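Not measured: the values here are computed from a predicted model.
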Amino acid sequence: MDDQHGNLRENGRETNGKQARIVSGLDRPLKTPPPGEQTRAVRRQVIAVILANIGVFSTGMTLAMPTATLPQLKDVTQPVHLNDSQASWFASVNALSAPLGGLLSGFLLDRIGRKRSLIVLNVLTILAWILLATPSSSDSEAFFWQLIVSRFMLGIGMGLASAPPGVYAAEISVPKTRGSLILGTSISVAGGITILYGIGYCIRDDFRLIALICCGYQLVALLCVLPLPESHCWLLAKKRVTEAKRSLNYFRGFSKSDEITHPLVLEEFQILQKSLQQRDAEVKESFWRSLKEPEVHKPLLILMSLFAFQQLTGIFVVIVFAVQISSEAGIEIDPFMCAVLIGLARLVTTCPMGYILELWGRRRAGIISTVGMSICMFLLAGHSQLDFLKAVPYLPVVSIVGFIVLSTLGLYTLPFFMISELFPQRVRGPASGLTVAVGMFISFVVLKTYPDLKKSFGVSSCFIFFGVMAVLALIFIYWALPETRRRTLLEIEEQFRSGRSRKSQNQADVEMKEVFVRRPEE
């Protein structure tokens with residue numbers, strides 16, 4: 001009998017070898033996730049990033065405000081109203097002042113820290129919304145200038161909001177969660193746009209009430225920032241070692257202790273400390289002198305170019321002039337409803353972007369995005385000129401919403417996403433501020449000139465221009481954008497410093513793929 005059982009067991013090994021291999025690993029102990037990836041740590045990181053990004057909704061609200069209020073502000077039946085030139089300034093002046101906010105954010109990030117930069121952002125935008133809600137109705141000149149000053153201040157808030165939340169998220173997280181957490185800024189902007197489109201759909205004749213609603217929201221955002229712990233990276237850079245240990249312990253799932261006891265957390269702390277000490281030991285250079293270093297000027301040029309393509313492809317034009325573009329494109333539904341659909345499409349697409357960027361990688365997402373954007377813009381331009389496209393039902397609304405969805409999949413999201421990944425710690429503040437400043441200045445130029453270009457060359461020509469820019473963005477992303485998926489911030493910095501080519505990373509990815517697809521018997 002024993003011999004028979006032995007034969008059966010032997011046959012089982014021979015005929016069901018695959019089954020035996022599966023069962024053989026069941027007696028191994030379960031692998032515990034490292035600190036920072038366990039449930040408590042991830043929950044703390046997520047809550048902190050959500051609280052930090054609540055104030056960033058003001059950026060989306062600022063961008064969408066012209067769509068919701070310009071029909072009323074340009075209404076000639078109102079006691080005071082804006083002419084076409086004044087309306088274009090109202091729509092674009094925030095982009096003119098945003099570079100100042102970007103430069104200010106770079107200064108504040110390094111000088112007062114990530115948390116206090118967020119507090120300054122919320123206080124400034126509260127004052128700006130109050131100004132927008134209380135302009136005089138008796139003097140048209142004073143009315144116009146108060147609106148412009150409030151929009152100018154909101155633009156500074158846009159620049160301030162662009163870097164601190166993403167930098168904060170990148171520094172408190174681990175590589176596995178970093179991608180999803182950095183995306184919080186883009187989700188907040190998309191959420192702000194959608195909320196204001198919805199408010200504009202419901203309130204079409206009272207821009208003051210809309211501004212008051214935004215002001216009340218910003219007060220709540222300010223209260224949310226107050227309990228946030230400061231980033232351990234900034235604390236350590238400022239030699240506040242004990243506070244840095246408390247912060248790191250907290251975001252890795254432990255109590256806020258003055259000492260680090262877990263060996264992996266201690267190793268992470270020592271690596272960061274050693275990196276900062278090496279920088280301090282070197283001759284300290286100004287930011288402008290550090291531009292000669294490859295790990296500084298390479299990501300700076302890449303991100304400035306990415307922000308430029310983001311603006312030149314018309315992404316912000318569609319956001320700011322959503323109602324007007326919907327009407328001019330021949331969409332027959334309520335333009336405000338179309339604007340709401342645009343906002344919802346962007347918000348719904350932005351939410352899973354953390355997963356998509358980790359699944360596809362940054363470069364592939366950018367390539368898919370720019371290909372789709374160019375097709376949508378060319379279809380939109382052809383609808384008003386080609387008879388066979390005119391016969392396609394709902395083509396304009398499908399093209400506009402498709403453009404929004406596809407831009408969110410890459411070119412709209414990537415610049416804000418990667419600004420928190422590419423720059424070294426020692427220049428992250430000023431480099432992020434300068435990059436945002438350049439991007440927002442280009443945004444001002446595009447938004448201010450769009451109404452005049454539309455009058456001179458026609459809407460279709462503008463759409464063709466945006467489509468061509470999307471094709472050029474595709475070429476740039478393919479040749480110049482590095483892949484940062486699943487890399488630590490120090491690894492990304494070393495890649496730029498050492499000149500490690502993208503080819504070597506792609507080869508590593510191929511080898512890893514071969515390991516996973518290899519058959520069991522091999």
Side-chain angles (χ1 to χ4, degrees), residues 34-37 41-42 44-49 51-53 105-119 162-179 181-182 184-185 225 228-254 256-260 262 264-282 284 287 290 295-296 299 417-433 435 484 487-494 496-497:
E37 297 181 14
V42 172
R44 290 177 177 178
Q45 294 167 27
V46 169
I47 292 174
V49 171
L51 294 178
N53 278 287
S105 75
F107 172 80
L108 293 178
L109 277 171
D110 283 344
R111 185 60 60 91
I112 66 174
R114 285 51 169 153
K115 175 181 176 178
R116 291 179 182 174
S117 297
L118 293 169
I119 292 175
S162 57
V167 170
Y168 182 75
E171 291 181 347
I172 68 171
S173 59
V174 293
K176 185 175 181 179
T177 62
R178 189 181 70 228
L181 295 182
I182 292 176
T185 300
V225 173
L228 287 178
E230 182 55 86
S231 158
H232 58 274
C233 294
W234 182 80
L235 291 170
L236 193 55
K238 296 300 179 182
K239 304 297 189 296
R240 294 161 63 173
V241 178
T242 301
E243 294 174 76
K245 290 179 178 179
R246 292 175 187 167
S247 177
L248 183 59
N249 273 325
Y250 176 78
F251 287 118
R252 297 302 175 261
F254 304 100
K256 290 185 178 180
S257 172
D258 293 349
E259 297 298 330
I260 298 175
H262 195 286
L264 293 180
V265 179
L266 183 60
E267 181 183 1
E268 179 185 355
F269 183 83
Q270 290 172 341
I271 290 174
L272 178 60
Q273 190 175 38
K274 183 178 180 181
S275 175
L276 292 172
Q277 287 174 347
Q278 288 175 346
R279 297 301 175 198
D280 292 340
E282 299 172 356
K284 287 191 174 181
F287 168 69
S290 67
E295 66 268 27
V296 178
F417 189 92
M418 300 188 74
I419 198 172
S420 305
E421 291 186 321
L422 297 190
F423 292 124
Q425 161 71 24
R426 69 185 190 281
V427 298
R428 193 168 293 150
S432 299
T435 302
T484 59
R487 291 187 175 185
T488 67
L489 298 180
L490 292 177
E491 287 172 347
I492 295 169
E493 179 181 348
E494 181 59 31
F496 284 113
R497 183 186 299 114

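- In this structure, the side chains of Ser117 and Ile112 come closer than 4.5 Å at one or more pairs of heavy atoms.
- Shown here for Ile182 and Gly166, the closest heavy-atom pair between the two residues is CG1-O, 4.2 Å.
- With rounding to the nearest 0.5 angstrom, the CG atom of Leu264 is 10.5 Å from the CD atom of Glu37.
- Taking each heavy atom of Ala170 and Arg178 in turn, the nearest pair found is CA-CG, 4.0 Å.
- Among all heavy-atom pairs drawn from Tyr168 and Ser231, the shortest one is CE1-N, 3.9 Å.
- Not counting sequence neighbours, the partners of Asn53 by the side chain to side chain donor-acceptor pair (under 3.5 Å) test are Thr185.
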| said: side chain to side chain contact (heavy atoms under 4.5 Å, CB included), that's the test. Do Val49 and Ile172 meet it? Break it down for me. | reply: CA-CA 9 Å; Val49 171; Ile172 68 171; 3.9 Å; yes
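- Under the rule for a ring-ring contact (aromatic ring centres under 6.0 Å, His included), the partners of Phe254 that lie at least two apart in sequence or sit in another chain are His262.
- Scored by the side chain to side chain donor-acceptor pair (under 3.5 Å) test, Ser105 finds no partners at all (sequence neighbours excluded).
- Here the OG-CG distance, from Ser432 to Leu422, works out to 9.5 Å after rounding to the nearest 0.5 Å.
- Taking the salt bridge (charged side-chain N to carboxylate O under 4.0 Å, His left out) definition, one finds that Arg240 meets it with Glu243, sequence neighbours left out.
- Contact check for Pro175 versus Glu491: no side-chain heavy atoms found under the 4.5 Å cut-off.
- Rounding to the nearest 0.5 Å gives a distance of 7.0 Å between CZ of Arg111 and NZ of Lys238.
- Annotation: salt bridge (charged side-chain N to carboxylate O under 4.0 Å, His left out) contacts of Lys115 (sequence neighbours excluded): none.
- Note: Met418 CE to Thr484 OG1 = 4.0 Å, rounded to the nearest 0.5 Å.
- At distances below 3.5 Å, at least one donor-acceptor pair connects side-chain atoms of Arg44 with backbone N or O atoms of Tyr250.
- Rounding to the nearest 0.5 Å gives a distance of 8.5 Å between CD1 of Ile119 and CG of Leu228.
- Arg114 contributes a side-chain N or O that, together with a main-chain N or O of Leu109, makes up a donor-acceptor pair within less than 3.5 Å.
- With sequence neighbours excluded, no residue forms a salt bridge (charged side-chain N to carboxylate O under 4.0 Å, His left out) with Glu230.
- Shown here for Ser173 and Leu181, the closest heavy-atom pair between the two residues is CB-CD1, 3.6 Å.
- For Arg246, the salt bridge (charged side-chain N to carboxylate O under 4.0 Å, His left out) partners are Asp258, not counting sequence neighbours.
- With sequence neighbours excluded, no residue forms a side chain to side chain donor-acceptor pair (under 3.5 Å) with Ser247.
- Judged as a side chain to side chain donor-acceptor pair (under 3.5 Å), and not counting sequence neighbours, the contacts of Glu268 are Arg252.
- By the side chain to side chain contact (heavy atoms under 4.5 Å, CB included) test, Leu266 pairs with Ile260, Gln270, sequence neighbours left out.
- Shown here are the side chain to side chain contact (heavy atoms under 4.5 Å, CB included) partners of Ala244, two or more places apart in sequence or in another chain: His232, Leu235, Leu236, Phe269.
- Closest non-hydrogen pair, Val265 versus Pro35, comes out as CG2-CB, 3.5 Å.
- Applying the side chain to side chain contact (heavy atoms under 4.5 Å, CB included) test to Thr435 and every residue at least two apart in sequence or in another chain returns Leu300, Leu303, Met304, Phe307, Ile419, Phe423.
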